[in-house]
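Structure first, then comments.
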Amino acid sequence: MFGYGSLIWRADFPFVERQRASLAGFARRFWQGSHDHRGVPHAPGRVVTLIPDPDSRCDGVAYAIAPAVFDHLDHREKNGYERFDVELHLSSGRSPGVVYIAPRDNFAYLGDAPLDEIARQIIDSHGPSGSNLDYLLELAAALRDLDAQDAHVFELETRIRGLLPAHAHPLLA
C-alpha cells in the first residue's frame with residue numbers, strides 16, 4: 001500500500017514492512033477537501049490527493065500490510081478516496097501496489113486554487129484529527145526525512161511561514 005500524505009507520518013495500522021517508494025505519472029496536490037479529519041462539513045480543510053501528470057513522480061512510502069488492514073484504511077480514507085491498483089517503484093525494483101486517490105468527481109474535491117488561498121484555508125481549518133496546519137507541516141517534515149522533493153508542498157509551507165510568525169506554531173520554529 002502506497003502512502004503519500006498522512007499515511008507517511010501517521011501509520012495508525014499494523015504493517016509488516018515500510019520502505020521508501022515512488023509512483024510515476026502522478027503529482028501530489030492539496031486539492032481534496034477534508035470534512036472529517038482536518039476540517040468540518042461547513043469548513044473543510046485541504047488534504048492531498050494525486051492528480052495524473054505524466055511528467056511527475058510522487059515520493060512516499062510503501063507498506064506491506066495484511067489484507068484485513070484495508071477495513072481500517074477504507075474507513076480512514078472514506079472522504080472521497082478510492083482504492084486503485086498501481087505499480088510502485090521501490091529500491092528493489094517495481095512492485096504491484098494499492099493507493100488511495102480522491103478522483104476529481106468525488107463530493108469533497110476542491111481542486112486547484114491560488115496558493116495563497118490554499119495556504120489561508122490550511123491555516124484556518126481544524127477538524128477531529130487536528131489542525132490542517134499540522135497536517136501540512138508534518139507532511140513537509142516527513143518528505144524532508146525521506147529526502148523527497150515536492151515543490152507544491154514546500155511552496156505552501158513557505159507561504160504559510162510568510163503569513164505566520166515563527167512562534168505561532170511549534171513546527172514553524
Side-chain angles (χ1 to χ4, degrees), residues 1-13 15 18 20-23 25-53 56-63 72-73 75-82 99-104 106-173:
M1 197 267 312
F2 182 65
Y4 60 91
S6 63
L7 291 173
I8 296 175
W9 52 268
R10 190 173 164 256
D12 61 348
F13 52 88
F15 57 89
R18 177 186 192 268
R20 184 185 170 136
S22 64
L23 180 59
F26 289 91
R28 179 181 9 240
R29 294 290 182 266
F30 272 86
W31 291 4
Q32 177 65 6
S34 178
H35 302 88
D36 60 342
H37 286 292
R38 300 296 172 163
V40 292
H42 65 279
R46 277 188 177 259
V47 292
V48 292
T49 188
L50 296 178
I51 60 162
D53 183 344
S56 291
R57 182 189 79 197
C58 180
D59 293 315
V61 294
Y63 294 96
H72 169 73
L73 292 171
H75 179 74
R76 176 176 166 164
E77 304 299 323
K78 68 182 185 272
N79 199 62
Y81 289 87
E82 298 174 22
V99 65
Y100 287 87
I101 298 174
R104 293 175 191 255
N106 83 81
F107 68 95
Y109 190 78
L110 297 174
D112 195 7
L115 283 180
D116 286 337
E117 183 180 312
I118 294 173
R120 280 276 170 214
Q121 187 173 359
I122 288 171
I123 289 169
D124 294 340
S125 297
H126 293 78
S129 294
S131 80
N132 205 172
L133 181 57
D134 286 349
Y135 178 98
L136 169 72
L137 297 175
E138 292 282 3
L139 177 57
L143 291 172
R144 279 192 194 85
D145 287 346
L146 290 173
D147 197 26
Q149 298 301 313
D150 191 303
H152 178 74
V153 172
F154 295 147
E155 177 63 22
L156 276 170
E157 179 190 38
T158 297
R159 294 203 183 203
I160 285 171
R161 287 181 185 281
L163 293 169
L164 294 175
H167 66 275
H169 192 282
L171 293 175
L172 288 172

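Position 1 is the first residue of the sequence; numbering continues from there.
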Checklist entry - Which is it for Leu136 and Asn132 under the side chain to side chain contact (heavy atoms under 4.5 Å, CB included) test, yes or no, and what are the steps along the way? => result CA-CA 6 Å; Leu136 169 72; Asn132 205 172; 5.7 Å; no
Checklist outcome for this item: Applying side chain to side chain contact (heavy atoms under 4.5 Å, CB included) to Ala43 and not counting sequence neighbours gives Val40
Next on the checklist: Tell me every residue that passes side chain to side chain donor-acceptor pair (under 3.5 Å) with Ser125, counting only those two or more places apart in sequence or in another chain.
Outcome noted: none
Checklist entry - Who pairs with Arg159 by salt bridge (Lys or Arg N to Asp or Glu O under 4.0 Å), at least two apart in sequence or on another chain? => result Asp116, Glu155
Item to check | Spacing of CG belonging to Leu23 relative to CG belonging to Leu50, to within rounding of 0.5 Å | outcome: 6.5 Å
Checklist entry - How would you list all residue pairs meeting salt bridge (Lys or Arg N to Asp or Glu O under 4.0 Å) that involve residues 119-146, not counting sequence neighbours? => result Arg144-Glu157
Checklist outcome for this item: Note: Ala108 and His35 closest approach over all heavy atoms is CB-CE1, 3.4 Å
Checklist entry - For the atom pair CG (Leu133) and CD (Gln121), what is the distance rounded to the nearest 0.5 Å? => result 13.0 Å
Item to check | Listed partners of Glu77 passing side chain to side chain contact (heavy atoms under 4.5 Å, CB included), at least two apart | outcome: Leu7, Tyr81, Tyr100
Checklist entry - For Phe2 and Cys58, what are the C-alpha separation, side-chain angles and deciding distance, and is it a side chain to side chain contact (heavy atoms under 4.5 Å, CB included)? => result CA-CA 10 Å; Phe2 182 65; Cys58 180; 4.3 Å; yes
Checklist entry - Among pairs that include at least one residue of residues 108-131, which meet ring-ring contact (aromatic ring centres under 6.0 Å, His included), considering only residues two or more places apart or in two chains? => result none
Checklist entry - Out of curiosity, Ser56 OG to Ile51 CD1, how far, rounded to the nearest 0.5 Å? => result 7.5 Å
Item to check | Closest approach of Ala113 to Ile118 (non-hydrogen atoms, all atoms of both residues) | outcome: O-CD1, 3.5 Å
Checklist entry - Is Arg18 reaching over with its side chain to a backbone N or O of Ile8, donor-acceptor style, under 3.5 angstrom? => result yes
Checklist entry - Given side chains that start at C-beta, do those of Asp36 and Lys78 come closer than 4.5 Å, heavy atoms only? => result yes
Item to check | Exercise: identify the closest heavy-atom pair between Gly80 and Pro103 | outcome: O-CD, 3.5 Å
Item to check | Spacing of Leu146 atom CG and Ser22 atom OG [to the nearest 0.5 Å] | outcome: 11.0 Å
Next on the checklist: The criterion is side chain to side chain contact (heavy atoms under 4.5 Å, CB included); which residues satisfy it with Gln149, sequence neighbours excluded?
Outcome noted: Phe154
Item to check | All side chain to side chain donor-acceptor pair (under 3.5 Å) counterparts of Asp147, not counting sequence neighbours | outcome: none
Next on the checklist: The criterion is ring pair (Phe, Tyr, Trp, His ring centres under 6.0 Å); which residues satisfy it with Phe15, sequence neighbours excluded?
Outcome noted: Tyr63
Hey, can you pull the donor-acceptor pairs under 3.5 Å for the side chains in residues 25-34, sequence neighbours left out?
from  : atom 1 : to     : atom 2 : distance (Å)
Arg28 : NE     : Asp150 : OD2    : 2.7
Arg28 : NH1    : Tyr4   : O      : 2.5
Arg28 : NH1    : Asp59  : O      : 3.0
Arg28 : NH2    : Asp59  : O      : 2.9
Arg28 : NH2    : Asp150 : OD2    : 3.2
Gln32 : OE1    : Asn106 : ND2    : 3.0
Gln32 : NE2    : Asn79  : O      : 2.8
Gln32 : NE2    : Asn106 : OD1    : 3.0
Ser34 : OG     : His37  : N      : 3.3
Ser34 : OG     : Arg38  : N      : 2.8

Checklist entry - For Arg46 and Gly111, which heavy atoms make the closest approach, and how far apart are they? => result NH1-O, 2.9 Å
